[in-house]
Amino acid sequence: MKVIDHRPGGDASCIRLIEADQPTPKAGEVLIQVAYAGVNRPDILQRSGSYPPPPDASPFMGLEVSGTIVAVGDGVPKQRVGEQVCALTPGGGYAEFVVAPTDHCMPIPAGLDLRTAACLPETFLTVWANLIERGQLRAGQSVLIHGGSSGIGTTAIGFAKWAGASRIFTTVGSEDKARICRELGADRPILYKSEDFAQVIKDETNGQGVNLVLDMVGGDYLPKHLKCLALEGRLVQIAFLSGAKVEMDWTLLMMKRLTFTGSTLRARSVEEKARIALTMQQAIWPELQRGRLLPIIHAEFPLAQAEEAHRLMESSQHVGKIVLKVG
């Protein structure tokens, strides 16, 4: 089969299309003929060497796909062969074939095509697990979502609106991205290049702050979060794109009774990811079938142009998702 390889790692120029052996599904797994693969920030980090795959995972990139089940491992009903699914994979999605646990394969929501469905598994599960479950966003609460125009950000704005958030703040890099975030439901996009998000939130909330922050930036944003969170506020960290090491005064953590937490999806057990997938489907799939919460797709590249897809993501010029067309 054809697959994208990046080893031994580095910048996007290390990406190349190679021939490799087709994987074989183990017990509890299925083999998927890939139609589309989603491109995600963890792929960039894996390529650069800062997010290595688990020891038992594929060495290739790609955490979400859509396609057709063509073979099953022991313990999986043979009736699943021929089923079209979108799937969270342990890696290897940038390929013509990939294996995934059967419980990580979700049906294509009615009315969606395979291209759109490939944007769901990694992104939707990440947002659900961190914004809704870990962040405990509830109706009437306010939230700050960093990177509002990214795949995670655009999804999180939709989920926050669905959850009944009272005010949705988000950081963006341009007026065009601010406009799109407003159309998605953000109340106050903040231009981080010219505005101090902590000061904007203080002014907009009369000094009360927001109930929840979803952050993937880290670095010097961290001390600002303590200032712009309300009493009993929650900070949920899903990445550290600007660095994980910073010197800061944690006094406000105690004074405001704040919660600082975070998670990654890939490191969770097969069973835990299956639980998140099922819970998220029950809540969100009906919305997708009504034409709501649909992902924004900024660009599509053929598999052989994965390097260009990575360069676009690293430029941060995109809005929403980037996909690879495989089959």
*Asks:* Evaluate the side-chain proximity of Leu265 to Lys273: yes if any heavy-atom separation is below 4.5 Å, no if none is.
*Replies:* yes
*Asks:* Could you check whether any side-chain heavy atom of Pro189 comes within less than 4.5 Å of a side-chain heavy atom of Lys177, counting everything from C-beta outward?
*Replies:*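 Side-chain contact under 4.5 Å: no.
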*Asks:* I need the Leu324 CG to Glu300 CD distance, nearest 0.5 Å.
*Replies:* 9.0 Å
*Asks:* Are Arg311 and Glu308 within salt-bridge range, i.e. N to O under 4.0 Å?
*Replies:* no
*Asks:* Do the side chains of Leu214 and Leu235 join up, straight or via other hydrophobic residues, at under 4.5 Å, putting them in one cluster?
*Replies:*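 Different clusters: Leu214 never reaches Leu235 through Ile, Leu, Val, Met, Phe, Trp or Tyr contacts under 4.5 Å.
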*Asks:* Does Glu183 come within less than 4.0 Å of Arg179, counting only side-chain N to carboxylate O?
*Replies:*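 Yes, charged N to carboxylate O under 4.0 Å.
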*Asks:* Consider only side-chain N and O atoms of Ser13 and Asp11, and report whether a donor and an acceptor are under 3.5 Å apart.
*Replies:*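 Short answer, yes.
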*Asks:* Measure the shortest side-chain to side-chain distance between Ile152 and Thr123 over non-hydrogen atoms and say whether it is less than 4.5 angstrom.
*Replies:* yes
*Asks:* Would you say NZ of Lys325 has more than 12 non-hydrogen atoms from neighbouring residues, nucleotides or ligands within 6.0 angstrom?
*Replies:*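 No, NZ of Lys325 has 12 or fewer neighbouring heavy atoms, counting only those of other groups under 6.0 Å.
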*Asks:* Hey, mind stepping through Val172 and Leu191 against side-chain contact (heavy atoms from CB on, under 4.5 Å) and telling me if it holds?
*Replies:* CA-CA 5 Å; Val172 293; Leu191 297 169; 3.8 Å; yes
*Asks:* Keeping the roles fixed (side chain from Trp285, backbone from Pro107), state whether a donor-acceptor pair exists under 3.5 Å.
*Replies:* yes
*Asks:* Taking the basic N atoms (NZ, or NE/NH1/NH2) and the acidic carboxylate oxygens, is any pair closer than 4.0 Å for Asp5 and Arg7?
*Replies:* yes
*Asks:* Distance-only, no hydrogens or angles: does the Arg292 side chain make a donor-acceptor pair with backbone N or O of Glu287 under 3.5 Å?
*Replies:*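 Looks like no, no N/O pair under 3.5 Å.
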*Asks:* Of all the heavy-atom pairs spanning Ala117 and Cys86, show the shortest one and how long it is.
*Replies:* O-CB, 3.4 Å
*Asks:* Which heavy-atom pair separates Thr154 from Gly320 by the least distance, and what is that distance?
*Replies:*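 Closest approach of Thr154 to Gly320, heavy atoms only: OG1-CA, 4.0 Å.
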*Asks:* Mind checking whether Val39 and Phe301 have side chains closer than 4.5 Å, heavy atoms only?
*Replies:*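 No, every pair of side-chain atoms sits at 4.5 Å or beyond.
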*Asks:* Looking at Asp74, I'd like to know if its CG atom is crowded, meaning that more than 12 non-hydrogen atoms belonging to other residues, nucleotides or ligands lie closer than 6.0 Å.
*Replies:*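 Not more than 12 within 6.0 Å, no.
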*Asks:* Should Leu241 and Tyr221 count as side-chain neighbours, where that means a heavy-atom distance under 4.5 Å?
*Replies:* no
*Asks:* Salt bridge between Lys256 and Glu232, side-chain N to carboxylate O under 4.0 Å?
*Replies:* no
*Asks:* Could you go through Phe197 and His146, starting from their C-alpha distance and side-chain angles, then the distance that decides it, and tell me whether this counts as ring pair (Phe, Tyr, Trp, His ring centres under 6.0 Å)?
*Replies:* CA-CA 10 Å; Phe197 70 81; His146 285 294; 4.8 Å; yes
*Asks:* Between Gly67 and Leu114, which heavy-atom pair has the shortest distance, and what is it?
*Replies:*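 Taking every non-hydrogen atom into account, N-CD2, 3.9 Å.
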*Asks:* Are Ile201 and Ile168 co-members of a hydrophobic cluster defined by side-chain heavy atoms under 4.5 Å apart?
*Replies:* no
*Asks:* Grab the two heavy atoms, one from Val143 and one from Ala160, that are nearest each other, plus how far apart they are.
*Replies:*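 Nearest pair, atom of Val143 first, then Ala160: CG1-CB, 4.0 Å.
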*Asks:* Quick one, Ile180 and Ser149 - any side-chain contact, counting heavy atoms below 4.5 Å?
*Replies:*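 No. Closest side-chain heavy atoms not under 4.5 Å.
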*Asks:* Are the side chain of Glu64 and the backbone N or O of Glu122 linked by a donor-acceptor pair below 3.5 Å?
*Replies:* yes
*Asks:* In Å and rounded to the nearest 0.5 Å, what is the CE to CD1 distance from Met313 to Ile44?
*Replies:*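 Met313 CE to Ile44 CD1: 6.0 Å, rounded to 0.5 Å.
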*Asks:* Checking the side chain of Glu204 only, and the main-chain atoms of Val200 only, is there a donor and an acceptor separated by less than 3.5 Å?
*Replies:*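 No, the answer is negative, given that no donor and acceptor are paired below the 3.5 Å cut-off.
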*Asks:* Test side-chain contact (heavy atoms from CB on, under 4.5 Å) on Thr155 and Phe124 and set out the steps.
*Replies:* CA-CA 7 Å; Thr155 300; Phe124 274 45; 3.7 Å; yes
*Asks:* Any side-chain to backbone donor/acceptor pair from Glu96 onto Lys2? Under 3.5 Å, distance only.
*Replies:* yes
*Asks:* Has the side chain of Gln46 got a donor or acceptor atom that lies under 3.5 Å from a matching backbone atom of Pro59?
*Replies:*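 Judged by distance alone, yes, a pair lies under 3.5 Å.
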*Asks:* Let me check something: do Ile157 and Ile284 share a hydrophobic cluster, defined by ILVMFWY side-chain heavy atoms less than 4.5 Å apart, either directly or through other members?
*Replies:* yes
*Asks:* Would the distance check show the side chain of Ser48 and the main-chain N or O of Gly10 forming a donor-acceptor pair, the cut-off being under 3.5 Å?
*Replies:*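 Answer holds: no.
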*Asks:* For the residue pair Ala12 and His310, what are the closest heavy atoms and their distance?
*Replies:* CB-CB, 4.3 Å
*Asks:* Going only through I, L, V, M, F, W and Y residues with side-chain contacts under 4.5 Å, is there a path from Leu45 to Ile238?
*Replies:*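 Result: no, two separate clusters.
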*Asks:* Does Arg47 pair with Glu314 as a salt bridge, N-O distance under 4.0 Å?
*Replies:*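 Here Arg47 pairs with Glu314 in a salt bridge, since their nearest N and O are under 4.0 Å apart.
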*Asks:* For the pair Glu83 and Arg80, find out whether any cationic side-chain nitrogen is under 4.0 Å from an anionic carboxylate oxygen.
*Replies:*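 Answer for the salt bridge query: yes.
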*Asks:* Starting at OG1 of Thr170, measure out to CG of Leu144 and round the result to the nearest 0.5 Å.
*Replies:* 7.0 Å
*Asks:* Are any non-hydrogen side-chain atoms of Arg268 and Ile276 less than 4.5 angstrom apart?
*Replies:*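 Arg268 reaches Ile276 side chain to side chain.
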*Asks:* For Thr264 and Ala267, work out which heavy atoms get closest and say how close.
*Replies:*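 Distance-wise, the nearest heavy atoms are OG1-CB, 3.5 Å.
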*Asks:* Atom CD in Gln33, atom CD in Gln22: separation rounded to 0.5 Å?
*Replies:*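 Interatomic distance, Gln33 CD to Gln22 CD, rounded to 0.5 Å: 8.5 Å.
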*Asks:* May I ask whether Leu120 and Ile108 are part of the same hydrophobic cluster, defined by side-chain heavy atoms of I, L, V, M, F, W, Y residues being less than 4.5 angstrom apart, directly or through others?
*Replies:*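 Looking at the clustering, Ile108 is in the same group as Leu120.
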*Asks:* Contact between His225 and Phe260 at the side-chain level, heavy atoms closer than 4.5 Å - yes or no?
*Replies:* no
*Asks:* How many angstroms lie between OG1 in Thr68 and CZ in Phe97, if you round to the nearest 0.5 Å?
*Replies:*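 If I round to the nearest 0.5 Å, the distance is 10.0 Å.
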*Asks:* Show your working on salt bridge (Lys or Arg N to Asp or Glu O under 4.0 Å) between Arg275 and Glu133 and close with a plain yes or no.
*Replies:* CA-CA 12 Å; Arg275 182 201 63 77; Glu133 291 192 347; 2.8 Å; yes
*Asks:* Starting from the C-alpha separation in whole Å, work towards a yes-or-no answer on side-chain contact (heavy atoms from CB on, under 4.5 Å) for Leu226 and Asp249.
*Replies:* CA-CA 9 Å; Leu226 302 191; Asp249 183 352; over 6 Å; no
*Asks:* Decide side-chain contact (heavy atoms from CB on, under 4.5 Å) for His298 and Leu312; before the verdict, give the C-alpha distance in whole Å, the side-chain angles of both, and the deciding distance to 0.1 Å.
*Replies:* CA-CA 10 Å; His298 181 92; Leu312 174 58; 3.9 Å; yes
*Asks:* Hey, could you give me the CD/CG distance between Gln208 and Leu231, rounded to the nearest 0.5 Å?
*Replies:* 7.5 Å
